Amino acid sequence: MDFLSTVKGSDCESFFPKGWDLKKIDECCEKGVSREAFWNDSFTPIECENINDFDTYMGHEIAMQIKLADERGEKLAMILPVGPMGMYKWAAYFLTSWKVDCKHVYTFNMDEWADSEGNTLDASNPASFEYSMKQAFFNKLGDLTIPESQRNFATKENLPTYEGKIAALKAEGAKLVLVYGIGRACHIAFWEPTFAEDYATEAEWKAATHRIAAKLTPMTIEQNAITSFKSRTTLVPCRANTVGPGLFLQADYAIGGCDGALGRGMGWQGMSFLTTLHYGPDTSITSSYIPTLPGKLFYLKELAGPLVAECN
């Protein structure tokens, strides 16, 4: 037994979500980006040398899905994240360069900060996801932008309507595209691994479409303190409204991004990325279902490892 195995006793394991097999996660971190039998044949990780390539490639993929739907004369439903974000300026750049009118696009923001009652920030608040989406994407499309009536945000009133709206669009022939990042605790949207305890079966978990005022894990709060709040943990809400697997696992195509490198050899997303690739579908690791969907997962090269102890 090595030193780390010795110090990682029951006290350490109780810090992590129930259902996490820490030995298995460690094994995932040693595998790099090798294919697994459970992957969808059309799931492809795409290596990016740097953040500029990452933003451009991912933005191009988003824009291409919108362009292709327009060329087919189809409506397009998109579940969108606020994180990663750098791809949106490139998606807007390509769409405006190609002069693609986005009137056929219907967007569903996957989550939003909330209080214990599910109340969300005002859209004028720079910390709100609605504000961020307008600044990063919708406003940059100019006259070609997605109509406001076709933009959906995760308020406690509107989030429960997502299921019906997406179903209606699919009935009209629309495809559903999921755009996502992978959380530190391997969440998709804010669907935390701790939620698995609330469902008796995998089928029940996979059928859940959303949560209002979902309680976030400490790992998620710290991730967002680093990535969105300049390290101020005290500013990060402890709850959010979020879509669930009953919606995002319906995706006909998924576009993902892992850009969680911090420079000087530091990063927060390497373990989450490799666990997503290799753990195998498990409700305690939400993102483990991602490789079962067709699509592309863009990632910064350094996140693929080796993930080893290093002082920086």
Side-chain angles (χ1 to χ4, degrees), residues 46 48-70 75-113 120-121 123-154 162 175-183 187-190 223-224 226-229 240 242-243 248 251 253-261 269 290 295-300 303:
I46 306 290
C48 303
E49 286 286 340
N50 54 60
I51 191 62
N52 298 315
D53 289 351
F54 173 92
D55 288 344
T56 308
Y57 297 167
M58 194 172 176
H60 181 269
E61 191 69 17
I62 292 169
M64 183 59 69
Q65 292 301 312
I66 294 173
K67 180 175 183 286
L68 290 173
D70 183 51
K75 293 180 178 180
L76 181 68
M78 304 189 81
I79 297 176
L80 298 178
V82 175
M85 288 292 281
M87 72 280 189
Y88 286 128
K89 66 181 178 183
W90 284 105
Y93 172 82
F94 288 115
L95 289 167
T96 54
S97 296
W98 299 333
K99 296 181 171 53
V100 176
D101 193 322
C102 296
K103 63 181 179 297
H104 63 298
V105 180
Y106 295 73
T107 61
F108 299 83
N109 261 73
M110 57 174 46
D111 44 26
E112 180 60 273
W113 300 119
T120 54
L121 298 172
S124 64
N125 190 316
S128 77
F129 292 170
E130 181 171 351
Y131 179 93
S132 297
M133 286 301 301
K134 290 176 180 176
Q135 298 301 313
F137 189 37
F138 299 142
N139 292 352
K140 285 182 168 57
L141 290 168
D143 294 339
L144 301 173
T145 197
I146 297 152
E148 288 191 26
S149 62
Q150 294 169 199
R151 307 173 191 172
N152 289 274
F153 299 97
Y162 280 21
K175 300 293 191 297
L176 176 62
V177 171
L178 166 68
V179 183
Y180 65 92
I182 296 170
H187 65 225
I188 298 297
F190 275 131
Q223 171 202 324
N224 281 276
I226 292 168
T227 59
S228 301
F229 290 89
T242 181
V243 299
F248 60 72
Y253 191 78
I255 303 167
C258 289
D259 62 348
Q269 207 171 18
I290 283 297
K296 296 177 182 176
L297 172 53
F298 298 89
Y299 68 95
L300 291 183
L303 298 179

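Computed from a predicted model, the values in this text were never measured in an experiment.
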Heavy atoms only: give me the nearest [X]-[Y] pair and the separation to one decimal.
X	Y	answer
Ala189	Met110	CA-SD, 3.4 Å
Pro81	Tyr88	O-OH, 2.7 Å
Cys102	Ile66	SG-CG2, 4.0 Å

[X] [atom1] to [Y] [atom2] distance, which is reported to the nearest 0.5 Å:
X	Y	atom1	atom2	result
Met64	Ile255	CE	CD1	10.5 Å
Leu95	Lys140	CG	NZ	13.5 Å
Met58	Asp53	CE	CG	14.5 Å
Phe153	Asn109	CZ	CG	5.0 Å
Phe137	Met85	CZ	CE	10.5 Å
Asn224	Phe229	CG	CZ	7.0 Å

Check whether any side-chain heavy atom of [X] sits under 4.5 Å from a side-chain heavy atom of [Y], and report yes or no.
X	Y	result
Asn50	Leu300	no
Glu61	Tyr253	yes
Asp101	Asp70	no
Phe138	Pro147	no
Met78	Ile62	yes
Ile46	Leu297	no
Met87	Val179	yes
Leu144	Val100	no

Check: [X] ring centroid to [Y] ring centroid under 6.0 Å:
X	Y	answer
Phe190	Trp113	yes
Tyr57	His60	no
Phe108	Tyr162	yes

Would you say the side-chain atoms of [X] pair up with the backbone N or O of [Y], donor to acceptor, closer than 3.5 Å?
X	Y	result
Glu112	Ala154	no
Thr227	Gln223	yes
Ser128	Asn125	yes

Quiz item: For Tyr106, is the NZ or CZ atom of Arg151 found under 6.0 angstrom from the centre of its six-membered ring and inside 45 degrees of the ring axis?
Solution: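 No, a cation-pi geometry is absent between Arg151 and Tyr106.
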
Self-check item: Intermediate values then yes/no, side chain to side chain contact (heavy atoms under 4.5 Å, CB included), Val82 and Met133
Solution: CA-CA 7 Å; Val82 175; Met133 286 301 301; 3.8 Å; yes

